[in-house]
> 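Just passing along the structure, written as structure tokens.
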There are 2 protein chains.
Amino acid sequence: MKAKGLENQQKIVQSAADLFYQKGYNQTSFTEIANASGLPRGNFYYYFKTKDDILKAVVDARVEAIRGMIEQWQTLDKPPKQRLNLLLDLVLNEADDIVDHGCPLGTLSAELGKDQRLLQEKTLEMFDLLVSWVVDAFQALGCDEPYELGLHIMGRLQGISVMTHLYQNKPFLETEIQALKAWVDQL
Amino acid sequence: MKAKGLENQQKIVQSAADLFYQKGYNQTSFTEIANASGLPRGNFYYYFKTKDDILKAVVDARVEAIRGMIEQWQTLDKPPKQRLNLLLDLVLNEADDIVDHGCPLGTLSAELGKDQRLLQEKTLEMFDLLVSWVVDAFQALGCDEPYELGLHIMGRLQGISVMTHLYQNKPFLETEIQALKAWVDQL
DNA sequence: GTCTATAGAGGGATAGAC
DNA sequence: GTCTATCCCTCTATAGAC
């Protein structure tokens, strides 16, 4: 049945996404994905030829999720500074996960950047969406170098995520995000 | 011979340190360390009982290197702001490596933080040394919250390293470090 | 102290019955 | 479209000759 197939495919992608985030891509085995999704190991070679294909599907799903989120943000029709705050609030809401596993985008990209650059390029699609969202906001604010500012704020968020994860320090994340909000506010 | 043994041990630690940085800890195999160090695979179980022990030795070596660097910095007897600049210049000098492999401290800690927290704690020794170096400088400057500022600047550097690595964007690193220098200067 | 050979577990991937 | 059985490879780690 086609419908059943799609369902299983989504289960695999969802389980893999969680595990890749919690354990890292290379540290996650087929066995673990199978156990988490409730499907027998051999089965999902029917859906994905290789582990890399699973990662690509995971990234595609996350790209679509981000795209959907941004589209929803756009419907809110907020002024530029509040648009930037939407991203900052997103990080604030994910604080507990960041304490435990770091940034879902950054840690995956960083892991693959070490020696799997081809796969890493795929993960940059996730970043690019957010970068262009913040760049647009800085542009709307009439800033001189919107692209540089966009990379700057994404870098700030990555740094906050790394330190929060390393020291499992949630208060640090909260005060740093507040500081970023103040910085945005006085632009 | 004891001397020969120590020499081999250092060769292993050096090769492992390079590979852990370039490929990540979990992605580096004994075979690769053996090839890089020129020693046969089985041999270095004489020096290290497990792979984890090699990592600990690698971290110990790096801790000692950082400690030595900081001691040397102290002999320079510079004013606080210039002390902070020593760290910023260090990052600037490592820009090419950061483009290729990210921050040598941060990427290792982040990898192990995912699901090898016991090992990760060991790697925090490297961070703690640098954190206390910058905290001391902020304290000497009479800043209100030196510890928070110390974590802040370390986070900024981590964020810069992550983005530089992801996008292989060296100019980004250079302008961001310059911005940090300006920020330090006007404290 | 140095090296070879190999054990034992677990990884990704495949073949083929149903 | 679903599942079992299994292959082959690489991994860490060990045993034991020299």
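Reminder, nothing fancy here: chain letters follow the sequence lines and each chain counts from 1.
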> Restricting to pairs with a member in residues 131-147 of chain B, which pass side-chain hydrogen bond (donor to acceptor under 3.5 Å, both in side chains), not counting sequence neighbours?
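Applying side-chain hydrogen bond (donor to acceptor under 3.5 Å, both in side chains) to every pair that reaches into residues 131-147 of chain B, excluding sequence neighbours, yields nothing.
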> Expected output is a numbered-order residue list: members of residues 33-42 of chain A with a heavy atom under 4.0 Å from any atom of DNA chain D. What is it?
A:Pro40, A:Gly42
> Please report the distance, rounded to the nearest Å, between CZ in A:Phe48 and P in D:dG1.
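The answer, rounded to whole Å, is 13 Å.
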> Verify whether one side chain among A:Tyr45 and A:Asp53 offers a donor that lies under 3.5 Å from an acceptor in the other.
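Looking only at side-chain atoms, A:Asp53 and A:Tyr45 do not form any donor-acceptor pair under 3.5 Å.
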> For C:dG1, does either OP1 or OP2 sit under 4.0 Å from a side-chain N or O belonging to B:Asn8?
no
> Measure from OH on A:Tyr46 to C1' on D:dA5 and round the result to the nearest Å.
20 Å
> In this structure, how many angstroms lie between the C1' atom of D:dT14 and the OH atom of B:Tyr47, rounded?
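From B:Tyr47 OH to D:dT14 C1': 17 Å.
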> Mind checking what makes salt bridge (charged side-chain N to carboxylate O under 4.0 Å, His left out) contact with B:Lys170, not counting sequence neighbours?
B:Asp96
> Under the rule for side chain to side chain contact (heavy atoms under 4.5 Å, CB included), what residues qualify as partners of B:Gln10, not counting sequence neighbours?
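Once residues adjacent in sequence are excluded, B:Gln10 has no partner under the side chain to side chain contact (heavy atoms under 4.5 Å, CB included) criterion.
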> With sequence neighbours left out, which residue pairs that include part of residues 30-42 of chain A fulfil the salt bridge (charged side-chain N to carboxylate O under 4.0 Å, His left out) condition?
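Sorted pair list: A:Lys23-A:Glu32.
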> What is the separation between atom CG on A:Asn43 and atom P on C:dG16, rounded to the nearest whole Å?
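Between P of C:dG16 and CG of A:Asn43: 18 Å.
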> Applying salt bridge (charged side-chain N to carboxylate O under 4.0 Å, His left out), name anything that partners A:Asp60, two or more places apart in sequence or on another chain.
A:Lys122
> Please identify each residue that fulfils side chain to side chain contact (heavy atoms under 4.5 Å, CB included) with A:His152, with sequence neighbours left out.
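Side chain to side chain contact (heavy atoms under 4.5 Å, CB included) check on A:His152 returns A:Arg156, A:Trp183, B:Arg156, B:Glu176.
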> How many Å lie between CD on B:Gln27 and P on D:dT10, as a whole number?
14 Å
> Can you name the residues that form a side chain to side chain contact (heavy atoms under 4.5 Å, CB included) with B:Ala65, not counting sequence neighbours?
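Side chain to side chain contact (heavy atoms under 4.5 Å, CB included) check on B:Ala65 returns nothing, list empty.
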> Taking protein heavy atoms under 4.0 Å as touching, what does nucleotides 7-12 of chain C look like 5' to 3' if B marks base contact, S marks sugar-phosphate-only contact and - marks none?
----SS
